[in-house]
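Below is one structure, written out as structure tokens; comments come after it.
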Amino acid sequence: MNHRYYGQTVLVTGGAQGLGLAMARRFAAEGATVHVADRNTEALEEIETEITRGGGRVQSHRLDVGRSREIDAWVGAVVDREGRIDVLINNAGIIRDERIERIGDEAWDDVIAVNLTGAFYGIRAVLPHMKERGYGRIVSFSSMSWRGNFGQANYAAAKAGIVGLTRTAALEGARSGITANAIAPGLIETPMLASMNAAARTKLVGRVPLGHIGDPADIANAAVFLASREAGYITGVILDVDGGIGIGSSVR
Ligand SMILES: NC(=O)c1ccc[n+]([C@@H]2O[C@H](COP(=O)([O-])OP(=O)(O)OC[C@H]3O[C@@H](n4cnc5c(N)ncnc54)[C@H](O)[C@@H]3O)[C@@H](O)[C@H]2O)c1
């Protein structure tokens, strides 16, 4: 495996399962020291053991991305320990799908807090340090739903918020060697997708031009590229990794 991340420190939120776990494994395999944060303590312990046994460098932290004090403490501790943060991956996310009239205050607030505010807290926490070093890569998670999706008003609003946040972070970081981009996944095989209504899932898969659900490795491939030195002239981009579903109509 390519060791292009050797010596770099990579932060991944929501890294205990799904896409975050796939990215943590991949960054570690490419030589990075990976700091994984999640609220699922049990799964964190398992992945720390797994990656360490495989010869990778990983540290796990229990936190809730919706709490700024916890994010600030985590980022501060990583800077103290490693002396650098090269990459922040804002991946933690949740869904609470309902039609608008049925979305309660809590389902609205929780989805915005984790998917959008959590990414804002992460970016705000790492920026001073990245600016000081004159280098940084920020990759946040939007979704194909950012354009609007039936039954996902809270999630779509949060993921559209990621687009504005990312493009603004790109402008504010640009003079300091920092890029900010987002990945907008389509349907990717993870526990989140498994929790989706089965009928809706079948209908959606039928609309994927490439004809199949994506694998977490498809997302990890995009993330290790956008977070690399080589991607240094790419900023403010929302990269669809979705088998073409974001193109629109796919009637065959
Ligand atoms: N899987 C897909 O098809 C898909 C599609 C579009 C976008 N996404 C986005 O990709 C990202 C990863 O999705 P996934 O499918 O791997 O989801 P997942 O549910 O499988 O994993 C999400 C992880 O985030 C963690 N998490 C949730 N709330 C948290 C919080 N408050 N603090 C810390 N950690 C928290 C969970 O414990 C879990 O480990 C999310 O932002 C999601 O919205 C996924």
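Counting begins at 1 with the first residue of the sequence. Atoms within each ligand, like the ligands themselves, are counted from 1 in listed order.
- Salt bridge Asp72/Arg69: absent, no basic N to carboxylate O contact under 4.0 Å.
- Scanning all protein heavy atoms for the shortest distance to atom 12 (C) of ligand 1 gives Asn91 OD1, 3.0 Å.
- By the 3.5 Å distance cut-off applied to N or O atoms, Phe141 is not counted among the residues near ligand 1.
- Shown in contact with Ala92 at under 4.0 Å from a heavy atom are these atoms of ligand 1, numbered in order with element: 24 (O), 34 (N), 35 (C), 41 (O).
- Below 3.5 Å of separation, one finds an N or O of Val65 facing an N or O of ligand 1.
- Scanning Met196, His61, Arg39 for the heavy atom closest to atom 34 (N) of ligand 1 points to Arg39.
- Of the protein's non-hydrogen atoms, Gly93 O, 3.9 Å is the one closest to atom 22 (C) of ligand 1.
- For Arg62 and Asn40, the side-chain atoms include no donor-acceptor pair closer than 3.5 Å.
- Taking a cut-off of under 4.0 Å to the non-hydrogen atoms of Asp64, the atoms of ligand 1 that pass are 30 (C), 31 (N), 32 (N).
- For Met144, no heavy-atom contact with ligand 1 is shorter than 4.0 Å.
- Panel note: side chain Thr235, backbone Ala180; a donor-acceptor pair is recorded below 3.5 Å.
- Qualifying ring-ring contact (aromatic ring centres under 6.0 Å, His included) partners for Trp74, counting only residues two or more places apart in sequence or in other chains: His61.
- With sequence neighbours left out, the side chain to side chain donor-acceptor pair (under 3.5 Å) criterion links Arg133 to Asp86.
- When only interatomic distances are considered, the shortest N/O to N/O separation between Leu19 and ligand 1 falls below 3.5 Å.
- Residue Asp38 has at least one N or O atom closer than 3.5 Å to an N or O atom of ligand 1.
- A heavy-atom distance below 4.5 Å is not found between the side chains of Arg137 and Leu226.
- Residue Ser142 approaches ligand 1 through these ligand atoms, each under 4.0 Å from one of its heavy atoms: 7 (C).
- Electrostatic pairing of Arg201 and Glu189 counts as a salt bridge here, judged by a charged N lying under 4.0 Å from a carboxylate O.
- Residue Gly18 approaches ligand 1 through these ligand atoms, each under 4.0 Å from one of its heavy atoms: 16 (O), 20 (O).
- The distance from ligand 1 to the heavy atoms of Val114 drops below 4.0 Å at these ligand atoms: 28 (N), 29 (C), 31 (N).
- Interface of Pro191 with ligand 1, defined as ligand atoms under 4.0 Å from a residue heavy atom, comprises 20 (O).
- Against a heavy-atom cut-off of under 4.0 Å, Leu187 is close to the following atoms of ligand 1: 3 (O).
- Where the criterion is an N or O separation shorter than 3.5 Å, residue side chain and backbone included, Pro185 fails it with respect to ligand 1.
- The closest protein non-hydrogen atom to atom 17 (O) of ligand 1 is Met192 CB, 3.4 Å.
- Not a single N or O atom of Ser143, backbone or side chain, sits closer than 3.5 Å to an N or O atom of ligand 1.
- Under the 4.0 angstrom criterion for non-hydrogen atoms, Lys159 is in contact with ligand 1.
- No salt bridge links Glu106 with Arg96; every basic N to acidic carboxylate O contact stays at or beyond 4.0 Å.
- Considering backbone and side-chain atoms together, Tyr155 places an N or O closer than 3.5 Å to an N or O of ligand 1.
- By the 4.0 Å heavy-atom criterion, Ala37 is excluded from the residues contacting ligand 1.
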